[in-house]
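Atom set for the values below is all heavy atoms of this structure, side chains included, hydrogens, waters and symmetry mates excluded.
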Amino acid sequence: MGLNLEKGENKKLANGLSRFHIGLGWDVREDSSPYDFDLDVSAFMIGADKKVLGDAYVVFYNSDNRLRVDADGNLIKPLKIVDASAWTDNDKMRDESRPVDPELSVIGSLDDEDGSTSDDGDDETMDIDLSLVRPDVKEIVICVSIYHYAERRQNFGQVERAYVRLYRPGCERMGAEEYIYDLTEDFSADHSVEFCRLYRHNGEWKIQALGIGHKGGLEELVAKFT
């Protein structure tokens with residue numbers, strides 16, 4: 001059973017844990033909206049000045065740096081970064097690739113636009129390899145935002161049973177994770193949430209549960225960290 005984190009709590013990552021998945025899950029309240037509910041996970045790779053190192057270090061559904069996936073959503077190896085301009089259709093790009101930073105240390109999720117692909121598991125998943133993170137990245141903040149929240153009149157008050165969990169490759173089963181953080185706060189007026197952060201401390205990596213809500217969506221997170 002994974003170690004449950006409380007809001008604001010931080011823990012040292014287990015010894016030898018450098019490659020892992022971060023899974024985020026949520027349910028949408030029935031009949032809460034007539035539109036599909038599209039939540040997107042993003043990672044902000046932040047330097048000592050508390051800002052991202054550059055545009056390439058915001059790993060999100062529309063990142064320019066991409067890794068191709070096959071028809072089953074699996075990464076095509078050997079991994080090779082492809083520029084987003086290789087696709088003339090944005091929807092095809094998001095179906096056929098995953099976002100990534102220049103060092104291949106954070107691989108973003110395949111974009112699930114309506115939550116239908118999760119089958120009661122993680123809705124979106126990131127792959128992280130801390131051994132590849134460039135030295136001047138001091139923390140990685142994992143966030144979730146609602147796509148087209150204003151047009152669709154959607155907010156996190158329509159989301160329940162939201163969580164973030166960190167687990168080793170091969171330990172995808174719920175309950176087999178190293179750490180899990182269940183968000184129980186009321187985010188009814190918010191359109192994006194900082195779930196957790198990974199950060200360097202005295203030469204080692206730690207994880208902290210955040211649960212910080214924002215009234216704006218992805219654009220407010222970008223404004224905060226850039």
Side-chain angles (χ1 to χ4, degrees), residues 1-25 41-60 63 65 67 79 81 98-109 122 124-145 162-172 174-185 187 192-214 218 220-226:
M1 182 66 180
L3 176 64
N4 285 285
L5 298 176
E6 301 293 333
K7 181 175 180 177
E9 184 178 18
N10 47 63
K11 294 290 184 182
K12 174 185 173 182
L13 292 186
N15 287 336
L17 185 59
S18 62
R19 292 180 61 248
F20 50 84
H21 306 295
I22 289 188
L24 298 103
V41 61
S42 53
F44 293 83
M45 305 180 71
I46 295 170
D49 62 354
K50 298 297 183 181
K51 301 295 183 181
V52 294
L53 272 60
D55 291 346
Y57 294 91
V58 181
V59 181
F60 76 116
S63 293
N65 290 329
L67 293 176
L79 301 180
I81 292 179
R98 294 171 61 182
V100 68
D101 73 300
E103 286 72 44
L104 303 178
S105 62
V106 176
I107 302 175
S109 180
D122 299 333
E124 298 209 356
T125 306
M126 288 189 140
D127 302 337
I128 295 183
D129 188 341
L130 295 176
S131 70
L132 299 178
V133 176
R134 52 186 286 176
D136 46 351
V137 171
K138 303 305 180 185
E139 60 183 293
I140 304 170
V141 181
I142 309 298
C143 306
V144 175
S145 55
Y163 67 85
V164 58
R165 66 192 189 104
L166 185 154
Y167 55 93
R168 299 174 187 266
C171 298
E172 288 78 6
M174 293 293 293
E177 60 275 336
E178 298 286 328
Y179 306 95
I180 187 166
Y181 169 40
D182 287 299
L183 277 78
T184 57
E185 291 80 9
F187 298 107
S192 59
V193 178
E194 296 175 45
F195 270 45
C196 70
R197 71 180 182 121
L198 301 159
Y199 66 99
R200 300 182 195 264
H201 179 72
N202 292 336
E204 59 189 18
W205 284 92
K206 303 183 75 173
I207 183 172
Q208 182 180 28
L210 294 175
I212 301 172
H214 295 271
L218 179 64
E220 184 167 319
L221 296 170
V222 170
K224 176 178 179 177
F225 294 121
T226 60

Exercise. Do the side chain of Ser105 and the main chain of Ser131 share a donor and acceptor less than 3.5 angstrom apart?
Worked result: no

For this session: Could you tell me the separation between the CD1 atom of Ile140 and the CE atom of Met45, rounded to the nearest 0.5 Å?
Result: 4.5 Å

Seminar exercise, completed: dist Lys138:NZ -> Ile46:CD1 (nearest 0.5 Å) comes out at 13.0 Å

For this session: Considering non-hydrogen atoms only, spot the tightest contact between Gly108 and Val59 and give its length.
Result: N-CG1, 3.7 Å

Problem set entry | Matching residue for Val41 among Cys143, Ser109, Pro99 - test: side chain to side chain contact (heavy atoms under 4.5 Å, CB included) | Ser109

Exercise. Considering only heavy atoms from C-beta outward, does the side chain of Val193 approach that of Glu185 to under 4.5 Å?
Worked result: no

Problem set entry | Heavy-atom pair with the smallest gap, counting every atom of Leu132 and Leu104 | CD1-O, 3.6 Å

Problem set entry | Asp55, CG: over 12 other non-hydrogen atoms inside 6.0 angstrom | no

Exercise. Is the shortest distance from a Lys or Arg side-chain nitrogen in Arg134 or Asp101 to a carboxylate oxygen in the other one below 4.0 Å?
Worked result: no

For this session: For side-chain contact (heavy atoms from CB on, under 4.5 Å), just list the numbers for Arg98 and Asp127, CA-CA rounded to whole Å, side-chain angles, deciding distance to a tenth of an Å, and then say yes or no.
Result: CA-CA 10 Å; Arg98 294 171 61 182; Asp127 302 337; 3.3 Å; yes

Seminar exercise, completed: The reported gap from CG in Leu24 to CD1 in Ile142 (rounded to nearest 0.5 angstrom) is 7.5 Å

Exercise. Can you name the nearest heavy-atom pair linking Cys196 to Ala209, along with the distance?
Worked result: CB-CA, 4.3 Å

Exercise. side-chain contact (heavy atoms from CB on, under 4.5 Å) between Arg165 and Tyr179: does it pass, once the steps are laid out?
Worked result: CA-CA 6 Å; Arg165 66 192 189 104; Tyr179 306 95; over 6 Å; no

Problem set entry | Any donor-acceptor pair under 3.5 Å from Glu172 side chain to Gly170 backbone | yes

For this session: Test Leu198 against Phe20 for side-chain contact (heavy atoms from CB on, under 4.5 Å), laying out the working first.
Result: CA-CA 12 Å; Leu198 301 159; Phe20 50 84; 3.9 Å; yes

Exercise. Can you find a side-chain donor-acceptor pair between Gln208 and Tyr181 that sits under 3.5 Å?
Worked result: no

Problem set entry | Test side chain to side chain contact (heavy atoms under 4.5 Å, CB included) applied to Leu166 and Leu17, Ile180, Leu3, Leu5, the passing residue | Leu17

Problem set entry | Pairwise distance CG(Leu210) to CG(Asn10) - rounded to 0.5 angstrom | 10.0 Å

Exercise. Asp122 and Tyr167: side-chain donor and acceptor closer than 3.5 Å?
Worked result: yes

Problem set entry | Flag side-chain contact, heavy atom, 4.5 Å: Glu177 against Cys171 | no

For this session: Kindly indicate whether the side chain of Leu130, heavy atoms from C-beta on, has any atom under 4.5 Å from the side chain of Ile128.
Result: yes

Seminar exercise, completed: For Glu178 and Ala14, the nearest pair of non-hydrogen atoms, with its separation, is OE1-CB, 4.1 Å

Problem set entry | Gap separating the CD atom of Glu124 from the CD1 atom of Ile22, nearest 0.5 angstrom | 13.0 Å

For this session: Please indicate whether Asn15 has more than 12 foreign heavy atoms, meaning atoms of other residues, nucleotides or ligands, lying under 6.0 Å from its CG.
Result: no

Exercise. Any chance the side chains of Glu194 and His214 put a donor and an acceptor closer than 3.5 Å?
Worked result: yes

Exercise. Got Phe60 and Val222 here, is their nearest side-chain heavy-atom distance under 4.5 Å?
Worked result: no

Seminar exercise, completed: In short, Leu53 meets Gly47 closest at the heavy-atom pair CD1-N, 3.4 Å

Exercise. How many angstroms lie between atom CD of Glu139 and atom CZ of Phe225, to the nearest 0.5 angstrom?
Worked result: 7.0 Å

